[in-house]
Amino acid sequence: SEDQFTKGAQSLGINADSAIVIYDDKGIYSSARAWWMFKAMGHNNVAVLNGGLPKWIDSGFGTEFKSHYKSPKGNFVAHYNPELMKYFSDVKSASSKKSHIIIDARSEARFKSLEPEPRLGLRSGTIPNSLNLPFEDLLEEDYQLISKNLIANKFDCTVDDIKHWNDLQSNRLTTDQHLYIIITES
């Protein structure tokens with residue numbers, strides 16, 4: 001909720017005018033989710049450190065021991081933007097109507113149910129009419145994102161290679177009407 005996000009951000013000392021750089025210890029993984037949440041909650045001055053902590057360390061930059069934030073509370077107030085979130089019912093509708101392109105970012109083996117889900121209790125399978133573009137395909141060996149042009153090309157190729165693309169085109173959707181839903185269950 002807006003209230004939960006506001007309280008959490010303020011407890012970290014985040015202000016309305018804070019510039020936030022998010023990173024994680026795997027390169028780019030959870031940091032992208034945190035980036036999205038800040039955007040969805042109305043804080044636009046946020047970025048992901050390309051390559052994360054591993055790239056930072058490999059580049060020779062210093063680090064310090066983790067410590068808990070013990071400074072003044074921030075003044076950031078979340079303002080939820082519902083246009084940046086899609087819910088189960090939205091995805092189910094988009095799948096059945098083929099009104100949007102749904103892209104699943106899990107590995108190909110998980111997408112095809114060839115290997116089990118890593119979290120206990122998650123069932124295998126895919127959303128009907130979804131496509132697979134593994135998240136790892138968007139990263140260099142050093143966990144940095146590939147170039148914007150290569151990312152765009154991978155999305156274009158993924159969409160162009162599917163059978164139901166003709167169905168979507170017959171519905172006369174324009175490119176700006178397509179919704180790329182990235183599913184990144186860990």
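One is the number of the first residue; the rest follow in order along the sequence. Not measured: the values here are computed from a predicted model.
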side-chain contact (heavy atoms from CB on, under 4.5 Å) between Arg106 and Thr126: does it pass, once the steps are laid out?
-> CA-CA 10 Å; Arg106 294 176 300 160; Thr126 62; 3.9 Å; yes
Is the number of heavy atoms from other residues, nucleotides or ligands under 6.0 Å of Tyr87 OH greater than 12?
-> yes
Validation row: Ile101, Leu131 side chains within 4.5 angstrom (heavy atoms) = yes
Pairwise side-chain contact, Ile14 with Ile20, heavy-atom cut-off 4.5 Å (strictly under) | yes
Hydrophobic cluster mates of Phe65, side-chain heavy atoms under 4.5 angstrom, ILVMFWY only, any path?
-> none
Could you list the donor-acceptor pairs under 3.5 angstrom formed between side-chain atoms of residues 36-43 and any protein atom two or more places apart in sequence or on another chain?
residue, atom, partner, partner atom, Å
Trp36, NE1, Leu84, O, 3.1
Lys39, NZ, Asn44, O, 3.2
His43, NE2, Ser18, O, 2.8

Please confirm whether the backbone N or O of Lys92 pairs with a side-chain atom of Ser96, one donor and one acceptor, at under 3.5 Å?
-> yes
Shortest non-hydrogen pair, Ser107 vs Pro134, comes out as CA-CB, 4.2 Å
Is there a donor-acceptor contact under 3.5 Å from the side chain of Ser113 to the main chain of Gly125?
-> yes
Give a yes or no on whether the backbone of Asn75 and the side-chain of Asn15 come within a donor-acceptor separation of less than 3.5 Å.
-> yes
Just list the side-chain donor-acceptor pairs under 3.5 Å for residues 135-143, sequence neighbours left out, or say none.
residue, atom, partner, partner atom, Å
Asp142, OD1, Gln144, N, 3.2
Asp142, OD2, Lys55, NZ, 3.2
Asp142, OD2, Gln144, NE2, 3.4

When rounded to the nearest 0.5 angstrom, what is the spacing between CG in Asp90 and OG in Ser99?
-> 9.5 Å
Residue list, side chain to side chain donor-acceptor pair (under 3.5 Å) with Glu108, at least two apart or on another chain = Lys112
Which is it for Arg123 and Glu117 under the salt bridge (charged side-chain N to carboxylate O under 4.0 Å, His left out) test, yes or no, and what are the steps along the way?
-> CA-CA 7 Å; Arg123 63 182 183 176; Glu117 291 298 320; over 6 Å; no
Can you list the residues that meet the side-chain contact (heavy atoms from CB on, under 4.5 Å) rule with Ser11, with sequence neighbours excluded?
-> none
With sequence neighbours left out, which residue pairs that include part of residues 7-17 fulfil the salt bridge (Lys or Arg N to Asp or Glu O under 4.0 Å) condition?
-> Asp3-Lys7
Rest of the hydrophobic cluster containing Phe111 (Ile/Leu/Val/Met/Phe/Trp/Tyr, side-chain heavy atoms under 4.5 Å)?
-> none
The remaining residues in the hydrophobic cluster of Trp56, counting side-chain heavy-atom contacts under 4.5 Å among Ile, Leu, Val, Met, Phe, Trp and Tyr, are Val21, Tyr23, Leu49, Leu53, Ile57, Phe61
Partner residues of Asp58 under the salt bridge (charged side-chain N to carboxylate O under 4.0 Å, His left out) criterion, sequence neighbours left out = none
Say whether, by atom type as modelled, one donor and one acceptor occur between the side chain of Glu115 and the main chain of Ala109 under 3.5 angstrom.
-> no
Flag, side chain of Asn50 to backbone of Leu145, donor-acceptor distance under 3.5 Å | yes
With sequence neighbours excluded, tell me which residues meet side-chain contact (heavy atoms from CB on, under 4.5 Å) with Ser95.
-> Ile102, Ile127, Pro128, Asn129
Listed once per pair and sorted, the salt bridge (Lys or Arg N to Asp or Glu O under 4.0 Å) pairs that draw on residues 43-53, sequence neighbours left out | none
Donor-acceptor contact present, side-chain Thr6 to main-chain Ala78, <3.5 Å = yes
What pairs with Ser31 under side chain to side chain donor-acceptor pair (under 3.5 Å), at least two apart in sequence or on another chain?
-> Asp24
Shared ILVMFWY cluster between Met85 and Trp35, side chains joined below 4.5 angstrom?
-> yes
